[in-house]
Amino acid sequence: MLSFENGIFHIPETGLGNGVLSFEFENETVSTESAVWISSGGLWETELKNGLRARIQIEKDVLHISFRNGERECFLKKIHLDFAAGLDAEDYREYTHSRLFLEQTSGVKPVGMSTPFFEHNPPSYMVYLLAPRSGGKNLLFAALPPHQGDFLVFQARHEAKSLNGRFGLSVTAEEDRDLKPGMEFRLSPVLFRVSEKNPLELLEDLGDAYAALRTSPLKERAVGWNSWDQFHTDISAADVLETQKRLDAFSERKVRCYVVDDGWQIAYGAWFPNLKFPADLSEFCREITAGGGIPGIWTAPLCVDNRYMFPHEWIVSTTDGRFVLDITRPEAAQYLHSVYRRLHDAGFRYFKVDFTTRILDVPRCYDMSMGRAGILRRTYEIIRSAIGPESYFLGCCVPYEPAFGLVDAVRTTADIQIYWSAVQINMTSASARWWMHRRLWNNDSDFLVVRGEETSCADFPNQSPFVPGRYASGPVLSKREAESLALALHMTGGDLMFSDNFLKLNDAGRKILKDALALPPLDEAARPLDLFSAPAGKIPSVWFAPGAGKAAVFNWGEEPAQFELGADLFGGRRPGDFFWNRKEAERGPDGSLRIVLVPHEAAGIEILLK
């Protein structure tokens, strides 16, 4: 349990050294190691030399810190809590989690080592877990709601430049916050948990803690079609309506949402239809709704192509010269609300919101008192208030911490591509984020795309040699690989969105879509059973959804692989028949199953009750 005394933090039974709190302001860094702390009723208080007062409270394993600024205005960049080295890198694996899907892959790797999917020492946002290789106590560190406008970042602090040997822990709150005289603010609560529980259970417990604080009900997962992957910006109203007509008949109206992605608007910032769509978007929405569909639309609310479309004070620039709408200005916030209210009034009920992270590259906004992550949360609050609780809000390229409680679904992976290398990267992150699904929101692992030379009549001029870990390398998806992707997306339990040009799919491609639609949706995401035990650089290959009684096995590699599936793997439950890709298999006298999968193949298996 975390403790604090005389300016020093301790986490007993972990081996981590002393923890020291410091504050990184714009022009100086102030440590509290030598500060005078006053204890009263379980609280510790101190005042820094610049007048900022800090109050610390620890409730079991959760750290709370509140602040009150003095009379001097200042800019707080970061708050650091650094624990000295005391753990050995050889003894631990680390679960790391990216701030959003674009920045890095999420999953498990050995501490201090790189793999095809991970750098040597990546920062971990929101949650970080250290799991001992040879048994012992797991260390879980995480941000908890309510969000306070910061990003919490966890990272191993290595003593050696080679990143082997002893390491400690860095906990950083990224603030970027203007502190006005007398202003009060808080750090987002930080969990420090030491437990002998299975690390998978620890992460699920974290998801349950979030779920207990979620105030809005979960919506059913979205099933639909999005224009982006096949059409990109070359999309028209006629393309969408023709796709709906064909998919309605094909799917018996199981495909509900029809989402127009980038390419419908005049420009970023000018959120009005271009000449490929009717001037009155309500006409377009009525046609989709009349066919039994749900109209959906993509937007990038903070992106601006031409700064002269707006009053100059509404626009701020990123460090690389791109323009961003500054919603900390009340007039700009009102404008953003009007954009989404207009789209809602036109009839859209599915909103894919993208690229809000561009605000992270802006040096300063008009009002930085809410913190940089707080600006993002304010953006999502504006959108939600405009589109109402009835609309489905997908956060795409959305940081996870400030989105909680406001979105219905969040993208957990990068944009899919029609290459096996992209499937490998995406399913690494998708499997690692299983614990969020139906606890925080619905997980969205991007589209099910199936087109390839075996499954469509499309042309594929851009192919290259396959390189593991390199996005969009290799030949286009084979039929077997598309089937494996379909099974993986089913096991995530999340949104199911198609994005191929349906007219160009052949019978083999359409059969994969039909088979995917025929699978009853899972009420849970499958656990990646070997997330913490798979060899370094390998993707979890056995996923299990106990509530549904379903398991899936994947051969992500380049050689045939044999799997031994016994009752011990599934909590005493025996494997039954196949529900996806029926395979020849050996059945042991104890009911265990032995199957061999060729490279890039997957199989789904029913798991029987005890």
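None of the values given here were measured: they were computed from a predicted structure.
- For the pair C397 and L100, the tightest heavy-atom approach, listed with the atom from each and the gap, is SG-CD1, 3.4 Å.
- Heavy-atom neighbours of E220 CD from other residues, nucleotides or ligands within 6.0 Å: at or below the threshold of 12.
- Using a 30° and 60° split on the angle between ring planes, Y380 and F393 fall in the perpendicular class, above 60°.
- Applying the salt bridge (Lys or Arg N to Asp or Glu O under 4.0 Å) criterion to K352, with sequence neighbours excluded, gives D261.
- Figure legend: cation-pi geometry between R342 and F272, with NZ or CZ positioned under 6.0 Å from the six-membered ring centre and within 45° of its axis.
- Residues satisfying the side chain to side chain donor-acceptor pair (under 3.5 Å) criterion with R527, sequence neighbours excluded, are E204.
- Within 6.0 Å of NZ in K514 there are more than 12 heavy atoms belonging to other residues, nucleotides or ligands.
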Run the side-chain donor-acceptor check on residues 184-191: report pairs under 3.5 Å with partners two or more places apart or on a different chain.
unit_1 : atom_1 : unit_2 : atom_2 : d
E184   : OE2    : R68    : NH1    : 2.8
S188   : OG     : Q148   : N      : 2.9
S188   : OG     : D150   : OD1    : 2.6

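- Inspection of the Y340 and T299 side chains reveals an N or O donor paired with an N or O acceptor under 3.5 Å.
- A salt bridge is defined here as a Lys NZ or Arg NE, NH1 or NH2 lying under 4.0 Å from an Asp or Glu carboxylate O, and D248 with R246 fails to meet this definition.
- The existence of a salt bridge linking R341 and D345 is confirmed by a sub-4.0 Å separation between a basic side-chain nitrogen and an acidic carboxylate oxygen.
- To the nearest 0.5 Å, atoms CG (D354) and CG (L394) are separated by 8.5 Å.
- Summarising the geometry, atom CD1 belonging to I327 is positioned 12.5 Å from atom NE2 belonging to H337; distances are rounded to the nearest 0.5 Å.
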Evaluate side chain to side chain contact (heavy atoms under 4.5 Å, CB included) for K78 paired with T172, printing each intermediate quantity in order.
-> CA-CA 7 Å; K78 296 177 181 179; T172 302; 3.9 Å; yes
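- Two rings, from F310 and Y335, have their centers less than 6.0 Å apart.
- Considering Y258, Y268, F351, F231 in turn, Y268 is the only one that fulfils the ring-ring contact (aromatic ring centres under 6.0 Å, His included) rule with W298.
- In this structure, E390 places its CD atom where more than 12 heavy-atom neighbours from other residues, nucleotides or ligands lie under 6.0 Å away.
- Each of D495, N442, V410 was compared with H437 under the side-chain contact (heavy atoms from CB on, under 4.5 Å) criterion, and only N442 meets it.
- Here the options are F502, W225, F498, the test is ring-ring contact (aromatic ring centres under 6.0 Å, His included), and the partner is F250; only F502 passes.
- Proximity of a side-chain donor or acceptor of S251 to a complementary backbone N or O of K254 within less than 3.5 Å is detected.
- For R372 and F151, the positive end is not near the middle of the six-membered ring at less than 6.0 Å and at most 45° from its axis.
- Taking the six-membered ring for Trp, F284 and F277 have ring centres closer than 6.0 Å.
- Between the side chain of D444 and the backbone N or O of A409 there is no donor-acceptor pair closer than 3.5 Å.
- S421 contributes a side-chain N or O that, together with a main-chain N or O of R470, makes up a donor-acceptor pair within less than 3.5 Å.
- Classification of K180 and D367 as a salt-bridged pair fails, no side-chain N sitting under 4.0 Å from a carboxylate O.
- Residues that satisfy the side chain to side chain donor-acceptor pair (under 3.5 Å) test with D515, not counting sequence neighbours, are K511.
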Checking side chain to side chain contact (heavy atoms under 4.5 Å, CB included) for the pair V324/I315: CA distance, chi angles, key distance, verdict?
-> CA-CA 6 Å; V324 177; I315 305 300; over 6 Å; no
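- For the pair R364 and F75, the cation-pi criterion (under 6.0 Å, within 45° of the ring axis) is fulfilled.
- In this structure, a donor-acceptor pair under 3.5 Å is absent between the side chains of D408 and Y350.
- Taking each heavy atom of I512 and A482 in turn, the nearest pair found is CD1-CB, 3.8 Å.
- L496 approaches A516 most closely through the heavy-atom pair CD2-O, 4.3 Å.
- Within a 6.0 Å radius of CG in D523, no more than 12 heavy atoms belonging to other residues, nucleotides or ligands are found.
- Across all non-hydrogen atoms, the minimal contact from M436 to N443 is CB-OD1, 3.7 Å.
- A pairwise comparison of heavy atoms in S98 and S106 identifies N-OG, 3.0 Å as the closest pair.
- A salt bridge between E283 and R286 is absent, with no side-chain N of the basic residue lying under 4.0 Å from a carboxylate O of the acidic one.
- With values rounded to the nearest 0.5 angstrom, R221 atom CZ is found 10.5 Å from R438 atom CZ.
- Side-chain contact of N274 with W264: a donor-acceptor pair under 3.5 Å is absent, judged by distance alone.
- Open room surrounds OH on Y366; 12 or fewer heavy atoms of other groups in view lie less than 6.0 Å from it.
- In the model, E174 has a side-chain atom that pairs as donor or acceptor with a side-chain atom of Y125 under 3.5 Å.
- In terms of heavy-atom proximity, L325 sits nearest to V304 at N-CG2, 3.9 Å.
- Within 6.0 Å of the CD atom in E119, the count of heavy atoms belonging to other residues, nucleotides or ligands does not exceed 12.
- With sequence neighbours excluded, the residues forming a ring pair (Phe, Tyr, Trp, His ring centres under 6.0 Å) with Y210 are F404, listed by chain and number.
- No hydrogens or angles considered: nothing links the side chains of T413 and S445 as a donor-acceptor pair under 3.5 Å.
- With sequence neighbours excluded, no residue forms a side chain to side chain donor-acceptor pair (under 3.5 Å) with D507.
- Rounding to the nearest 0.5 angstrom, the gap separating the OG1 atom in T233 from the NZ atom in K276 is 6.0 Å.
- D229 and R451 are joined by a salt bridge, as a carboxylate oxygen and a charged side-chain nitrogen come within less than 4.0 angstrom of each other.
- Side-chain contact between V476 and E453: present, with at least one pair of heavy atoms (C-beta onward) separated by less than 4.5 Å.
- Panel note: side chain S499, backbone N226; a donor-acceptor pair is recorded below 3.5 Å.
- Side-chain atoms of Y400 and R433 include a donor-acceptor pair closer than 3.5 Å.
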